[in-house]
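Chain identifiers are assigned alphabetically (A, B, ...) following the order of the sequence lines, protein sequences preceding nucleic acid strands; residue numbering begins at 1 within each chain.
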Amino acid sequence: MTPAAGRPFPTVATLLGRRRTTRCIAQVQSRLARFAAAYSALVSPSPIAAASRPSPAVATLLGRCRTTRCIAQLHARIIRLGLHNHHALLARFAAACDALECPSVAASFIAALPGSHAAAVPLRLRNAVLASLARHAPLHAALAEFKLLLQRGARPDSFSFPCVIRACARASCLSAGRALHAAAIRVGVHADLFVRTALIQFYGRCGAVGAARALFDQIHIPSEVSWTTIIVAYVNNGDIVAARNLFDRMPQRNVVHWNMMVDGYVKCGDLEGARKLFDEMPERTATACTSLIGGYAKAGNMAVARSLFDKLEDRDVFSWSAMISGYAQNGYPGQAFRVFSEFQRQGIHPDELLVVGLMSACSQLNNFRLALWIEDYIAKYSIDMNNVYVLAGLVNMNAKCGNLERATVLFESMPARDVFSYCSLMQGHCLHGSADKAVELFSQMLSEGLSPDNTMFTVVLTACSHAGLLEEGKKFFDMMKNVYLIVPSVEHYACLVSLLGRCGMLQEAYELIISMPGKPHPGAWGALLGGCKLHCNIELGKIAAKKLFEIEPYNAGNYVSLSNLYANIDRWGDVSELRAEMTEKRITKIAGRTLVLQ
DNA sequence: TTAGGGTTAG
């Protein structure tokens, strides 16, 4: 029994029985007509006859399709109505799948067509599916589709190659890209400008700039895009000189070329070169200006970044984001939030990267309520919470702001945990009184097979110090040197000094500082002074304080620490003497404040 | 077909 004749009719009959209006009658009438057309298509399923019969209802619905569920329904409907050899409709179906980023649905549809229908699928439609797979699916899916195309006896053309080659470029898959290059030569489309430009991009991305350049030199008249691609290849491989040489040789330059070169100088860390070129631009674009802002922000020069931003007229989400994360990265979370409130007044939609910067600023403020507000903000603007950076930012912010329960839930929901997320959660535990849990997490991380870096060792040694875990701390310090071959930095030594100091091993801590390579470090001496304060060791405390007064003569905190040490052992005379010295040297301490949240 | 920004320590 055919599906058209078998299933839908009882439904129509039921509808006829329930008819109450003339509009309902009209609907049933049109449904009957659709079934009749589908039925005749099944009776004579010639591709030509089917192709000439349009299916306005399905085609219209495909245009309106907004969900994958809707795609699945239309998929079923096309099969039920026997419209699978209607190529114009299949092209629309593939386009809808592409828009919803589910190309494999279209690919499997075509792959499942019976032999004679499959052979009739035009190359143009196959190329569309291939391009969609290359854009939205993993590389292996696009390569499998390409192989299938060859197996079905179709000859790929100049439109089949560029999209798959670009996918190889994105994945930096040298072997697959080379195989495609060879296939393009065999088929005879390797000289096509689009194929060659895609190959230049591919070799550039894989670090084979020489191969990219050789292909570029073979082009008789390169297009503007070919010029862009070869220059990008040089920029991304750190050869700004070669990029500049080509830029200077270009017959004509468009804004993309200028933007790219300015960004190239920024990427190479040559801010002066970037600024000079930016000033030479015939039309200074917001894009190039934003690259410069990002460069100055990364270099810690927020004053210049700010002045450029103030002069920038058409600011987009990139420029706002550069300022917010610039302030956050340089330790000015308050400024980051000031820029953010200005941003909110612009009516620009935030994106994933902007909220990442915002969360970084919030994590430095340790503000529980603000963190809750930001999570609401993220939900309100439909920010993708599965984005790896957003998720990492959420774990970090919640951990730092004291919402460890939420941070842990998010951490455990991560598809792949990395050193960043472990660091964030461990620091959260450290800051909020469960340093032993942080040390546990470190062991868990090692058992997951992740390699700790030097930042991670600073974190775990700090955790050991907070929890007073002497043996573990010493073990991790040795592990860092001997297993991971990381040369301990002054920060690592300072953590170990702090740990020894807390555990009362002040003499050992002092000897460690003396044995440390390099200049005396305020962190290490400060850690020793802290230990001396805790264990009331006045002799070593005075030595540490004296060193600190030499290194940081205007840091009031050191005077206060020594003063507190004297106070701990009731040497009030020394306390007042020290206070007098501070007044004499005009060293003042900003009064501390405590805020207790309800 | 080509170009821009991001997460972790002290």
Find the distance [X]:[atom1] to [N]:[atom2] and express it as a whole number of Å.
| X | N | atom1 | atom2 | result |
| --- | --- | --- | --- | --- |
| A:Ile378 | B:dG6 | CD1 | C1' | 13 Å |
| A:Asp314 | B:dG4 | CG | C1' | 14 Å |
| A:Leu292 | B:dG5 | CG | P | 13 Å |
| A:Arg135 | B:dT2 | CZ | P | 10 Å |
| A:Phe442 | B:dT8 | CZ | P | 19 Å |
| A:Asn236 | B:dG5 | CG | P | 9 Å |

Worksheet item: CZ of A:Arg213: more than 12 outside heavy atoms within 6.0 angstrom?
Response: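 More than 12 heavy atoms, drawn from other residues, nucleotides or ligands, come within 6.0 Å of this atom.
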
Worksheet item: When you measure from the centre of the six-membered ring of A:Phe159, is the NZ or CZ of A:Arg124 under 6.0 Å away and within 45° of the axis?
Response: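 Output no; distance or angle outside limits.
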
Discussion item. Is A:Phe318 stacked against the base of B:dG4, taking the criterion as centroid distance under 5.5 angstrom and interplanar angle under 30°?
Written reply: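 Stacked: ring centres under 5.5 Å, planes under 30°.
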
Worksheet item: To the side chain of A:Val225, which of B:dG6, B:dG5, B:dT1 is closest?
Response: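 Closest nucleotide to the A:Val225 side chain: B:dT1.
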
Worksheet item: Where the side chain of A:Thr290 is defined as all heavy atoms beyond and including C-beta, which of B:dT7, B:dG4, B:dG5 is the nearest nucleotide?
Response: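 The closest nucleotide is B:dG4.
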
Practice prompt. With a 4.0 Å heavy-atom cut-off, tell me which residues in residues 255-284 of chain A come close to DNA chain B, sorted by residue number.
Written response: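 Going residue by residue through residues 255-284 of chain A, the ones with a heavy atom under 4.0 Å of DNA chain B turn out to be A:Val256, A:Asn259, A:Asp263, A:Lys267.
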
Worksheet item: Counting only non-hydrogen atoms, which of residues 192-201 of chain A are less than 4.0 Å from DNA chain B?
Response: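 The answer is A:Phe194, A:Thr197.
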
Discussion item. Looking at B:dG5, I'd like to know if its phosphate oxygens (OP1 or OP2) sit under 4.0 Å from a side-chain N or O belonging to A:Gln329.
Written reply: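 Answer is no, no contact under 4.0 Å.
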
Worksheet entry | Sugar-phosphate only, base, or nothing, as touched by A:Asp351 at under 4.0 Å among non-hydrogen atoms |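 A:Asp351: base contact, heavy atoms under 4.0 Å.
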
Item to complete: Would you mind classifying the nucleic acid contact of A:Asp316 as base, sugar-phosphate or nothing, using non-hydrogen atoms under 4.0 angstrom?
Response: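 Result for A:Asp316 = base.
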
